[in-house]
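In this chain, residues are counted from 1 in sequence order. Scope of the values below: all heavy atoms of this structure, side chains included, with no hydrogens, waters or symmetry mates.
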Amino acid sequence: MSKSNKKELNDYEENLIDLATLSKKELIQRAKKFSKQYNVGDGDGFKLKDYETKASFNLGEEGKPLVNQTLQMGVDALAAMQDILYAQDKWSLLLVFQAMDAAGKDGAIKHVMSGVNPQGCQVFSFKAPSSEDLDHDFLWRCQKHLPERGRIGIFNRSYYEEVLVVRVHEAILKGQKLPEKLITKDIWEERFQDIRNFEKYLARNGTIVLKFFLNVSKKEQKKRFIERVDDPDKNWKFSAADAKERGYWDDYQHAYQDLIKNTSTKKSPWYVIPADNKSYARIAIASAIITALDEMDLEYPKVSAEKITELQAVKQALLNEKD
């Protein structure tokens, strides 16, 4: 390990020790500060090139245990907050994950949500639309799977595919059964407007929407594709179609920039996460989710005085039982 990497590792270890001494409130404040740098907010003037694909540090193999410890802190905090969200049963949270192939969406969802009670979380993956989907508006198939109050819903890909893959491959649009006069040069702007209005409607009804773009570099994607070919246990993750889509890289980058610019708002923001380092990306995602949950002012339901009296009576009856 180089001297610079060793110093970075030592500094990180000191920061981790510092984190372990913080109160829950202080940890949440750290999470807010950390995730803020990736929050696009109002997308006006957004440029994808302004966001890095690499983490701000690289601790190498020796630093993995420390990074994992940091992530576990985030997972634990997230699990505790999700328990209150479920008990309160007022708010819901929708997490949307979008990325190029091999950016790490599945792994991020698996690791970040590893501590969450399965009763309070639901994950849906969206592939090519079915014939039934195509007989409805483009938001319909996702609307069916919105999270209930008290739950966290996760979309692995989403309605944003309609301004991504459909935009890159416009032949798909022609097969969507839309009346021809509605397929105009303004269709993408119209869909952006529909999405903004949809997410505004959700926010007004207590469903907060966070959107994550895992920003992986073309070089790192190539590396991960080769790993999937070389590792028999990962062969199932890869297909020739994935490599073919790589040929449209620039088109996708343009589409992502345009959609983030037009659909990121202060209430339903996009987070552009550097995804070349999977562990770092997961910590950033967990931090953003913790921030959103904290802003809901969550608390366990208040129990009335009558209920407390009733519970005490039940407790006394149990104590009086003869074993």
In chain order, what residues pass the salt bridge (Lys or Arg N to Asp or Glu O under 4.0 Å) check against Glu299, with sequence neighbours excluded?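 Glu299 satisfies salt bridge (Lys or Arg N to Asp or Glu O under 4.0 Å) with Lys302 only.
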So, using salt bridge (Lys or Arg N to Asp or Glu O under 4.0 Å) as the criterion, who are the partners of Arg141 when residues are at least two apart?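 Arg141 satisfies salt bridge (Lys or Arg N to Asp or Glu O under 4.0 Å) with no residue once adjacent residues are dropped.
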Can you find a pair of side-chain heavy atoms, one from [X] and one from [Y], that are under 4.5 Å apart?
X	Y	value
Arg224	Lys278	yes
Ile154	Cys121	yes
Arg151	Gln122	yes
Val216	Thr53	no

Filter on side-chain hydrogen bond (donor to acceptor under 3.5 Å, both in side chains), then keep only pairs touching residues 226-241, sequence neighbours left out; what's left?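 Residue pairs with at least one partner in residues 226-241: Lys223-Glu227.
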Without placing hydrogens or testing angles, list every side-chain donor-acceptor pair under 3.5 Å for residues 181-190, not counting sequence neighbours.
| unit_1 | atom_1 | unit_2 | atom_2 | d |
| --- | --- | --- | --- | --- |
| Thr184 | OG1 | Asp186 | N | 3.1 |

Qualifying residues under ring-ring contact (aromatic ring centres under 6.0 Å, His included), relative to [X], sequence neighbours excluded:
X	result
Phe138	none
Tyr51	Phe46
Trp249	none

Can you name the side-chain contact (heavy atoms from CB on, under 4.5 Å) partners of Arg246, sequence neighbours left out?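 Counting only residues at least two positions away or on another chain, Arg246 forms a side-chain contact (heavy atoms from CB on, under 4.5 Å) with Lys218, Gln221, Lys222, Phe225.
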Checking Arg196 against Asn262 for the side-chain contact (heavy atoms from CB on, under 4.5 Å) test, could you report, in this order, the C-alpha distance in whole Å, the side-chain angles of both residues, the deciding distance, and whether it holds? CA-CA 8 Å; Arg196 287 196 303 270; Asn262 283 281; 4.1 Å; yes
Can you give each donor-acceptor pair under 3.5 Å made by side-chain atoms of residues 92-113, sequence neighbours left out, with the distance rounded to 0.1 Å?
| unit_1 | atom_1 | unit_2 | atom_2 | d |
| --- | --- | --- | --- | --- |
| Ser92 | OG | Thr207 | OG1 | 2.6 |
| Gln98 | OE1 | Ser158 | N | 3.0 |
| Gln98 | OE1 | Ser158 | OG | 2.7 |
| Gln98 | NE2 | Glu161 | OE2 | 2.7 |
| Asp101 | OD1 | Arg157 | NH2 | 3.1 |
| Asp106 | OD1 | Asn156 | ND2 | 2.6 |
| His111 | ND1 | Gly107 | O | 2.8 |

Distance-only check: which donor-acceptor pairs under 3.5 Å involve side-chain atoms of residues 80-88, not counting sequence neighbours?
| unit_1 | atom_1 | unit_2 | atom_2 | d |
| --- | --- | --- | --- | --- |
| Gln82 | OE1 | Asn117 | N | 3.4 |
| Asp83 | OD2 | Tyr300 | OH | 2.6 |

On the 0 to 90° scale, with breaks at 30° and 60°, tag the Phe155-Tyr159 ring pair as parallel, tilted or perpendicular.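 Rings of Phe155 and Tyr159: perpendicular, over 60°.
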Fit a plane to each ring of Tyr252 and Tyr248, take the angle between them on a 0 to 90° scale, and name the class: parallel (under 30°), tilted (30 to 60°) or perpendicular (over 60°).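 It falls in the perpendicular class, over 60°.
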So Tyr38 and Phe213, ring-ring contact (aromatic ring centres under 6.0 Å, His included) or not? Walk me through it. CA-CA 10 Å; Tyr38 304 118; Phe213 171 55; over 10 Å; no
Measure the spacing between OG of Ser131 and CG of Asp135 and express it to the nearest 0.5 Å.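 Rounded to the nearest 0.5 Å, the OG-CG separation comes out at 6.5 Å.
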Please step through side-chain contact (heavy atoms from CB on, under 4.5 Å) for the pair Ile285 and Leu214, ending with a clear verdict. CA-CA 9 Å; Ile285 292 166; Leu214 275 60; 4.2 Å; yes
Checking side chain to side chain donor-acceptor pair (under 3.5 Å) for the pair Ser130/Asp133: CA distance, chi angles, key distance, verdict? CA-CA 5 Å; Ser130 66; Asp133 294 333; 3.1 Å; yes
When the side chains of residues 267-274 are checked against the rest of the protein, which donor-acceptor pairs come out under 3.5 Å, sequence neighbours left out?
| unit_1 | atom_1 | unit_2 | atom_2 | d |
| --- | --- | --- | --- | --- |
| Trp270 | NE1 | Thr263 | OG1 | 2.9 |
| Tyr271 | OH | Asn39 | ND2 | 3.2 |

Under 4.0 Å between a Lys/Arg side-chain N and an Asp/Glu carboxylate O for Glu26 and Arg30?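 Here Glu26 does not pair with Arg30 in a salt bridge, since their nearest N and O are not under 4.0 Å apart.
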Tabulate below the donor-acceptor pairs under 3.5 Å that side-chain atoms of residues 163-172 make, not counting sequence neighbours, or state none.
| unit_1 | atom_1 | unit_2 | atom_2 | d |
| --- | --- | --- | --- | --- |
| Arg167 | NH1 | Asp258 | OD2 | 2.7 |
| Arg167 | NH2 | Asp258 | OD2 | 3.2 |
| His169 | NE2 | Glu245 | OE1 | 3.0 |
| His169 | NE2 | Glu245 | OE2 | 3.0 |

